[in-house]
Enquirer: 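Take this structure, written in structure tokens, and hold onto it; I'll ask about it next.
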Amino acid sequence: MIIDGEDKYVMTVIMAAGKGTRMKSEKSKLVHKIYDKELVKRVTELAKQVGSDEVVAVVGHLREQVEAVLGDTVKYAYQDELLGTGHAVMQAKKYLQGKKGKVVILYGDVPIIRKETLENLITKSYKNKEYATLLTAIYENPTGYGRIIRDEGGNIKAIVEEKDANMYEKEIKEINSGIYCFDIEELLSSLEYIKPNNAQGEYYLTDVIKIMNDKGLKTGAVIVEDNTEILGVNDRAQLELLTRVLRMRINAEHMRNGVTVEDANSIYIHDNVIIGVDTVIHPNTTIKSGTIIGSNCEIGPNAYIREGCIIGDNVKVGNCVELKNVKVGNRTKIPHFIYLGDTEIGEDCNVGCGAITCNYDGKNKNKTVIGDRAFIGSNVNLVAPVTLGDDVLIAAGSTITKDVPSNNLGIAREKQENRPYNKK
Ligand code: UD1
Ligand code: CA
């Protein structure tokens, strides 16, 4: 990570050995998805986004599932018995040893922390030369969390777990999020001193704060501004809540950037979507990761924009339209009941109601290419692979199986015949 123009070493250790009993699931909690991404994957990507040089996942329970999701994007440490958060970090010792720099501790089930919050934590830790920098929060109801003990000067002294806290300590509203930035060497040496002599009989990572203080090493904290960032997932209701929080956060970002959202409650815009100014998103619209939409477009209602779409400016993607891997030129109109997949469509086109691409032949996905100023009539089937030139007109109801050159009318349907008919 670059701090003040200097490249500083940062490692991230992700705790991912937990059981997740309350999910009532055959699957590891960590591979449940928030939007379309596994919890542990989202946390891993976050660690990479803040510029971690190495990421280590401490896995245990159902570790093969976590490993299947993360593959070789991280290194693995194993914790066979859950003996506490300190014990979990100790399992990553072989990766930490001999390194100079910082280690960030994250939980695999705390997935919506902001990248900026972590950057701020690491930067503060480096700049203030702190051996431990905690991410804390002020909670009206702090029950269940570790409490932050400060002296009269406001300096952090220790963290006391709920189960070990006395009645005065229980009154403290500043809680430990469980996310920290440590000096690697001092963390390793402090971990040698932690003992499971507490109410839970666990090796508490939190004990290193007092150990560092006793050694006279400087520690500090960053208080998180938005408490929702440090929420964790323990059951499916919390998973739903966090998905909602993330969704509203993303919607708000787009609105701040000049996008009109009619009803944020019904809009599902995933991560990493770019939308130009003055585009309007109508209700019940889902836009998947990686989509790029230009300015001044109308999207929805009931639009489903899936992976791999790049949409130009002044485009209309209307009611009940599904797009997958589609490139759309400027000013093209795709107004209602349309499916386009694996398609490139040029500028100033109009796609009629009910038109679809038949992009899948049961084995392969095939491509449809449509030039500029094409007019695709209603209820047309474009059987891919197929290419339509510029300025083509495709007659309504046609099933197009052959290419249509520029400036041609493509028509492929039975001629109408009228026969005498007597309604008795
Ligand atoms: C921990 C902190 C507490 C903090 C809280 C925030 C300690 C001792 N306490 O408490 O101060 O307020 O987090 O949520 O650290 N895990 C492992 N291996 C273990 C134990 C835990 O991988 O041996 C993982 C869990 O799966 C979970 C995370 O670490 O993702 C936190 O564990 P949890 O038992 O929930 O911590 P708390 O006791 O709540
Ligand atoms: Ca616990």
Side-chain angles (χ1 to χ4, degrees), residues 12-23 25 28-32 34 38-40 42-44 47 56-63 65-66 74 76-93 104-113 132 134-139 141-149 156-165 169-170 172-180 182 187 190-191 194-211 219 221 223-224 227-235 238-239 242:
T12 297
V13 171
I14 300 173
M15 293 198 209
K19 275 213 162 79
T21 319
R22 278 179 281 164
M23 291 297 280
S25 178
S28 158
K29 165 166 77 173
L30 300 159
V31 307
H32 280 262
I34 179 159
E38 294 84 0
L39 300 178
V40 71
R42 199 182 150 81
V43 174
T44 302
V56 178
V58 181
V59 295
H61 184 71
L62 297 175
R63 70 190 202 203
Q65 293 183 12
V66 176
V74 300
Y76 295 98
Y78 300 107
Q79 191 191 21
D80 295 326
E81 261 187 295
L82 299 183
L83 301 179
T85 48
H87 182 257
V89 176
M90 279 192 252
Q91 309 313 303
K93 193 170 165 183
V104 176
I105 309 294
L106 299 177
Y107 292 160
D109 57 1
V110 178
I112 62 166
I113 177 104
L134 324 176
L135 187 68
T136 69
I138 311 298
Y139 274 13
N141 177 8
T143 309
Y145 291 92
R147 307 296 207 283
I148 306 298
I149 312 296
I156 287 168
K157 288 287 143 201
I159 302 173
V160 175
E161 292 304 295
E162 168 90 22
K163 288 188 176 130
D164 304 295
E169 289 162 343
K170 280 189 180 148
I172 296 170
K173 289 190 169 15
E174 187 178 9
I175 61 103
N176 172 31
S177 71
I179 291 169
Y180 325 76
F182 289 109
L187 173 66
S190 300
L191 280 172
I194 64 173
K195 292 188 187 72
N197 53 358
N198 50 56
Q200 302 186 76
E202 288 181 3
Y203 292 89
Y204 288 167
L205 178 58
T206 45
D207 282 354
V208 305
I209 305 305
K210 182 168 184 313
I211 293 165
T219 59
I223 302 177
V224 74
N227 284 349
T228 64
E229 285 187 47
I230 58 168
L231 290 172
V233 175
N234 289 309
D235 57 31
Q238 285 170 341
L239 179 60
L242 264 68

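Note that the coordinates shown come from a computational prediction; the quantities given were computed from them, not determined experimentally. For ligands, and for the atoms within them, numbers begin at 1 and follow the listed sequence. Index from 1, following the sequence.
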Enquirer: Look only at the side chain of R42 and the backbone of P111, and say whether a donor-acceptor pair between them is shorter than 3.5 Å.
Expert: yes

Enquirer: Indicate, as side chain, backbone, both or neither, the part of N176 found under 4.0 angstrom from ligand 1 when only non-hydrogen atoms are considered.
Expert: both

Enquirer: Look only at interatomic distance and state if Q79 has a nitrogen or oxygen under 3.5 Å from any nitrogen or oxygen of ligand 1.
Expert: yes

Enquirer: Check each heavy atom of E161 against ligand 1 and say whether those closer than 4.0 Å belong to the side chain, the backbone, both or neither.
Expert: side chain

Enquirer: Does ligand 1 have a heavy atom under 4.0 Å from the side chain of L83, from its backbone, from both, or from neither?
Expert: backbone

Enquirer: Could you check whether any heavy atom of V58 sits closer than 4.0 Å to an atom of ligand 1, since that is the contact criterion I want to use?
Expert: no

Enquirer: Between H87 and Q79, is there a side-chain donor-acceptor contact under 3.5 Å, judged purely by atom types and distance?
Expert: yes

Enquirer: Is it the side chain (CB and beyond), the backbone, both or neither of Y107 that lies under 4.0 Å from ligand 1, heavy atoms counted?
Expert: side chain

Enquirer: With a 4.0 Å heavy-atom cut-off (strictly under), which part of A17 contacts ligand 1: side chain, backbone, both or neither?
Expert: both

Enquirer: Which residue is it: V233, I112, V66, V31? I am looking for the one with a side-chain contact (heavy atoms from CB on, under 4.5 Å) to L39.
Expert: V233

Enquirer: Are R63 and Y76 in a cation-pi setup, meaning NZ or CZ lies under 6.0 angstrom from the ring centre and within 45 degrees of the ring axis?
Expert: no

Enquirer: I'd like to check whether D109 has a polar contact with ligand 1, where a contact means an N/O of the residue lying under 3.5 Å from an N/O of the ligand.
Expert: yes

Enquirer: With only distance considered, is G146 within less than 3.5 Å of ligand 1 through an N or O on each side?
Expert: yes

Enquirer: Are any of the N or O atoms of T85 closer than 3.5 Å to those of ligand 1?
Expert: yes

Enquirer: Using a 6.0 Å cut-off, check whether atom NZ of K19 has over 12 heavy atoms from anything other than its own residue.
Expert: no

Enquirer: Indicate yes or no: does E162 engage R147 in a salt bridge with an N to O separation below 4.0 Å.
Expert: yes

